[in-house]
Undergrad: 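One structure, as structure tokens, below. Some questions next.
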There are 2 protein chains.
Amino acid sequence: MGKGAETRERIIEIAEASVLAKGFGATSIEEIIVEAGITKSGFFYHFKDKNELAHKMVRRYVDENNRVFDEIFERGHQLSDDPLQAFLISLKLLAETMSDLPSGHPGCLIASICYQERLFDRDVRNLIAQSVKEWHMRFRAILDDIAVVHRPRDAIDLGDVADMLSCIVDGAIIMSKALNDPKRIERQVLAFRSFVKLLFSPATAQLEKPPVPDSIQAA
Amino acid sequence: MGKGAETRERIIEIAEASVLAKGFGATSIEEIIVEAGITKSGFFYHFKDKNELAHKMVRRYVDENNRVFDEIFERGHQLSDDPLQAFLISLKLLAETMSDLPSGHPGCLIASICYQERLFDRDVRNLIAQSVKEWHMRFRAILDDIAVVHRPRDAIDLGDVADMLSCIVDGAIIMSKALNDPKRIERQVLAFRSFVKLLFSPATAQLEKPPVPDSIQAA
DNA sequence: CGCAAAACTGTATCGACGGTACAGTAGTTC
DNA sequence: GAACTACTGTACCGTCGATACAGTTTTGCG
């Protein structure tokens, strides 16, 4: 990585933390450059304006997010051949990942920007819509695979179930911020996991242990 | 209502629409007073600063929200004696209410402020935490009532299920903003309804009609 | 009607911020 | 040593939140 790229990276990191804490509108270029140890001219050398910073920031966030998702759902696939069990394992891993972040989840950049949409140009908004659609397709594909093996116990659209995970994570982040309780995110992901379990488990399996070990402690 | 109170009301209404569209930090007093047809001096006569505006705005939002909730869950209670059926009816009403808003849901003020928390003083943040806790207790009480009659099919904490509704609504609002698709909110509330149905319905009721009519069209 | 309080207006000023312009410079690379 | 990258320094503009304070209109009450 060249020196310029390094500086850009540092600026984006600082900006992201500030945007998640205060919102984009309230994040001043002044504070970013002070923390980054550069001048205002330096900032505008790297980014033509604040909107370009937003665009590069969202790009970075989405890529990193997708990387984590890939890892988690790949791991679940490794630990069980049954698509339902693999997904349930991945959801537990996701819940743990969310709660392991030291000072609580920093928040979802996508959500932060959605609440200030008028501040951003079409490029940024398209990028966000694109990534939400990608998450939908990712979860939808997993649920379709499960439905091949396990018949759903309710006639609900699996696309809506897929969206539900995104909604719950974003909603839980907001709740954890409002109550200053990072543990809510983990519990909400596990609540969604409970829904998936109920939706695909055989009707007779009332309050009994699932066929494949629920815990992945031994793995 | 006196003339002063009327003006304050108008200012708060204008401010709320702007905050939901752009965020609090990007909402200028200038644009508020132009739209309200007053001067800057007039604004600061009613509110000592922007933070006081935020506080009164949140107060109004929470009160109105609670009023709508009271109405919806009261109506469900009228339409069925069974607590589960009453809740399922109310959730359908809630979904309809959410989707009936002409140009999509304006967004959750609480969520908007959570993403810009550093901008607000302790008063505003306490008010928000309080209202989130109130929603938790409201839904928790309903679920506890249901659990007396219908045994849950999973050992999930009912407090988490209660929180899930708040999370899903907030998350769905974000998603509907990101995709510019207001219908997502309705569908997510109905997905939550499906979860509640699965959680409390007897294990044998696989894909069959519930005992009490699901639809409230005839009501 | 008269008067006081409420509900403003008008003017001026301040510091912080986003953004622009442009000249200059230190370090690296071919 | 020329070209290029990665900046710094300085100066300036318009907007915004906020403060101060004197002046004016509107309203309700006795």
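Worth saying up front: this structure is predicted, and the values here are computed from it rather than measured.
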Undergrad: Give a yes/no answer on whether the side chain of B/T7 brings an N or O atom under 4.0 Å of OP1 or OP2 in C/dC8.
TA: yes
Undergrad: Please test B/W135 against B/D163 for side chain to side chain donor-acceptor pair (under 3.5 Å), starting from the C-alpha separation and ending with a verdict.
TA: CA-CA 8 Å; B/W135 294 338; B/D163 285 342; over 6 Å; no
Undergrad: Between D/dA18 atom P and B/F47 atom CZ, what is the distance in whole Å?
TA: 13 Å
Undergrad: Using heavy-atom distances to pick each residue's nearest nucleotide on DNA chain C, tell me which of A/E30 and B/G4 is more 5'.
TA: B/G4
Undergrad: Would you mind checking if B/E31 and B/K22 are paired as a salt bridge, meaning a charged N to carboxylate O distance below 4.0 Å?
TA: yes
Undergrad: Starting from P on D/dT15, measure out to CD1 on B/I33 and report it in whole angstrom.
TA: 13 Å
Undergrad: Using a heavy-atom cut-off of 4.0 Å across all strands, would you classify B/S28 as base, sugar-phosphate, or nothing?
TA: sugar-phosphate
Undergrad: Using a 4.0 Å heavy-atom cut-off, does B/K40 contact any base of the nucleic acid, only the sugar-phosphate backbone, or nothing at all?
TA: base
Undergrad: For the pair A/R138 and A/E134, find out whether any cationic side-chain nitrogen is under 4.0 Å from an anionic carboxylate oxygen.
TA: no
Undergrad: Would you kindly give the CZ-to-C1' distance between B/F43 and D/dA18, to the nearest whole Å?
TA: 10 Å
Undergrad: Name the closest nucleotide to the B/K3 side chain, picking from C/dC8, D/dG17, C/dA21.
TA: C/dC8
Undergrad: Starting from P on D/dT19, measure out to CG on B/D49 and report it in whole angstrom.
TA: 7 Å
Undergrad: Measuring to OP1 and OP2 of D/dA6, would you say a side-chain N or O of A/Y45 lies under 4.0 angstrom away?
TA: yes
Undergrad: Sorted by first residue and then second, give each ring pair (Phe, Tyr, Trp, His ring centres under 6.0 Å) pair with at least one member in residues 161-200 of chain A; sequence neighbours left out.
TA: A/F195-B/F195
Undergrad: Assign B/G42 to base, sugar-phosphate, or nothing according to its heavy-atom contacts below 4.0 angstrom with the strands shown.
TA: base
Undergrad: When you measure from the side chain of B/I38, which nucleotide among D/dG9, D/dA18, C/dT9 comes out closest?
TA: C/dT9
Undergrad: Round to the nearest Å and state the distance from A/N51 atom CG to C/dG18 atom C1'.
TA: 12 Å
Undergrad: Tell me which nucleotide among C/dG19, C/dA21, D/dA18 gets nearest to the side chain of B/K50.
TA: D/dA18
Undergrad: Using whole Å, report how far CZ of A/F44 lies from P of C/dC17.
TA: 13 Å
Undergrad: Would you kindly give the NZ-to-C1' distance between B/K48 and C/dA7, to the nearest whole Å?
TA: 20 Å
Undergrad: Taking ring-ring contact (aromatic ring centres under 6.0 Å, His included) as the test, write out the residues that go with B/F24, two or more places apart.
TA: B/F120
Undergrad: Is it the case that D/dG9 (base atoms only) and A/T39 (side chain only) share a donor and an acceptor within less than 3.5 Å, ignoring hydrogens and angles?
TA: no
Undergrad: How close or far is atom P of C/dA16 from atom CD of A/E31, stated in whole angstroms?
TA: 14 Å
Undergrad: Any side-chain N or O of B/H46 under 4.0 Å from OP1/OP2 of C/dA7?
TA: no
